[in-house]
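Below is one structure; the comments refer to it alone.
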Amino acid sequence: MVDTSKSRRIAVLGGAGGIGRALVAHLLAKGDEVIVLDLDQSLNRHALATSGLAIDVRDELSVKTAFAALADQWPSIDGFVNLAGYNSALTPIGETETDYFDEITGGNLRGAFLAAKAVLPLMAEGGAVVHVASGLAAHVRPGYGAYSASKAGLIALTKTFAVENAPRVRFNAVAPGLVDTAFLRGGTGRSPEDRESIVPLDAYRAMTPMKRLALPEDIVGPIDFLLSVASGFMTGQVLWVNGGGYMP
């Protein structure tokens, strides 16, 4: 089991994004050691109070290189969080170009597979992996076909890793609803991050029982819970965090 009397070593993929920065700050404040893996342009744009490694999850060589560098610093880690994911356009699935479908599923699903496969040998006994999926994995909406498919696949991938690696390593997922970050404005590192939201924010607020969008801090607690020994008997599970907007 992970020794809770000492600080944990946690790697955060996508740690320079909106949720990632909030999570990293939270973990550092608790005394954990954190290494961020993200796009080089994201690491350069957002100053972080910890070390970072450049990675592009769409490129298998980049993934292998980044995790080899991580292993050089930490031969064993206690937790891994995968926040990498993006969707830059809302297009009916019947009108979605094949290249765009491949781009989204390649980054969100294939990239998660590559990262999970690469981190697995580094995980300590009793360690925990948390994938960040989406409410759209279960509750589809028009225009999100490629993204929904990729996140539904990520949940299936999480469950497969969970059953194949228990009890040594736990794999769980957090599936947020809409979170107010640069994700809505082109994506961290993949855009200027300041354009108009690709979704109607007022409409989403109105349809959500909690009457607001999630903030990055709303997602941090569920992720940290799944990293901790408090969730030690949970694996292959999904926490839906959406203000009541999606109720599986």
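For clarity, every value in this text was computed on a predicted model and none was experimentally measured.
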Measuring from atom [atom1] of [X] to atom [atom2] of [Y], what distance do you get when rounded to the nearest 0.5 angstrom?
X: Glu103; Y: Arg110; atom1: CD; atom2: CZ; result: 13.0 Å
X: Tyr144; Y: Ser134; atom1: OH; atom2: OG; result: 8.5 Å
X: His131; Y: Leu226; atom1: NE2; atom2: CG; result: 12.0 Å
X: Asn172; Y: Ile223; atom1: CG; atom2: CD1; result: 12.0 Å
X: Trp74; Y: Leu70; atom1: CH2; atom2: CG; result: 7.0 Å
X: Ser62; Y: Leu53; atom1: OG; atom2: CG; result: 10.0 Å

Closest approach of [X] to [Y] (non-hydrogen atoms, all atoms of both residues):
X: Ser88; Y: Tyr100; value: N-OH, 3.1 Å
X: Phe67; Y: Ala115; value: CZ-O, 3.9 Å
X: Ala66; Y: Ala54; value: CB-O, 3.6 Å
X: Leu136; Y: Ser148; value: O-OG, 3.1 Å
X: Gly107; Y: Tyr86; value: CA-CE2, 4.2 Å
X: Gly15; Y: Asp38; value: N-OD2, 3.4 Å

Name every donor-acceptor pair, under 3.5 Å, that has one atom in a side chain of residues 24-31 and the other anywhere in the protein, sequence neighbours excluded.
unit_1: His26; atom_1: NE2; unit_2: Asp224; atom_2: OD2; d: 2.8
unit_1: Lys30; atom_1: NZ; unit_2: Asp224; atom_2: OD2; d: 2.7

**Prompt:** Is Arg8 salt-bridged to Asp32, cutoff N-O under 4.0 Å?
**Reply:**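 Yes, Arg8 and Asp32 are salt-bridged.
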**Message:** side chain to side chain contact (heavy atoms under 4.5 Å, CB included) for Val34 and Val12? Distances and angles first, verdict last.
**Reply:** CA-CA 7 Å; Val34 181; Val12 181; 4.0 Å; yes
Cluster overlap [X] with [Y], hydrophobic side-chain contacts below 4.5 Å:
X: Phe113; Y: Leu37; answer: yes
X: Val241; Y: Met234; answer: yes
X: Phe101; Y: Leu109; answer: no
X: Leu120; Y: Val63; answer: yes
X: Phe225; Y: Ile219; answer: yes

Let me have the donor-acceptor pairs involving side chains of residues 89-99, under 3.5 Å, with sequence neighbours excluded, atom names and distances please.
unit_1: Thr96; atom_1: OG1; unit_2: Pro92; atom_2: O; d: 3.0

Decide yes or no for [X] and [Y]: does some side-chain heavy atom of the first lie under 4.5 Å from some side-chain heavy atom of the second?
X: Ser51; Y: Val36; result: no
X: Phe80; Y: Ile10; result: no
X: Val119; Y: Ile77; result: yes
X: Ile55; Y: Leu39; result: no
X: Val81; Y: Leu83; result: yes

**Request:** Would you please name every residue forming a side-chain contact (heavy atoms from CB on, under 4.5 Å) with Ala152, sequence neighbours left out?
**Result:**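 With sequence neighbours excluded, Ala152 shows a side-chain contact (heavy atoms from CB on, under 4.5 Å) to Ala137, given in chain and number order.
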**Message:** Test: salt bridge (Lys or Arg N to Asp or Glu O under 4.0 Å). Region: residues 157-172. Which pairs qualify, not counting sequence neighbours?
**Reply:**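 Of all non-adjacent pairs touching residues 157-172, none passes salt bridge (Lys or Arg N to Asp or Glu O under 4.0 Å).
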Do side-chain atoms of [X] reach the backbone of [Y] as a donor and acceptor pair under 3.5 angstrom?
X: Asp218; Y: Leu215; result: yes
X: Gln237; Y: Thr235; result: yes
X: Arg9; Y: Asp78; result: no
X: Thr158; Y: Gly236; result: no

**Asked** Looking at residues at least two apart in the chain, or sitting in another chain, which of them share a side chain to side chain donor-acceptor pair (under 3.5 Å) with Asn108?
**Response**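 Asn108 satisfies side chain to side chain donor-acceptor pair (under 3.5 Å) with Ser150 once adjacent residues are dropped.
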**Request:** Write out all pairs satisfying ring pair (Phe, Tyr, Trp, His ring centres under 6.0 Å) with one or both partners inside residues 157-176, taking only residues at least two apart or from two chains.
**Result:**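 Non-adjacent pairs meeting ring pair (Phe, Tyr, Trp, His ring centres under 6.0 Å): Phe161-Phe171.
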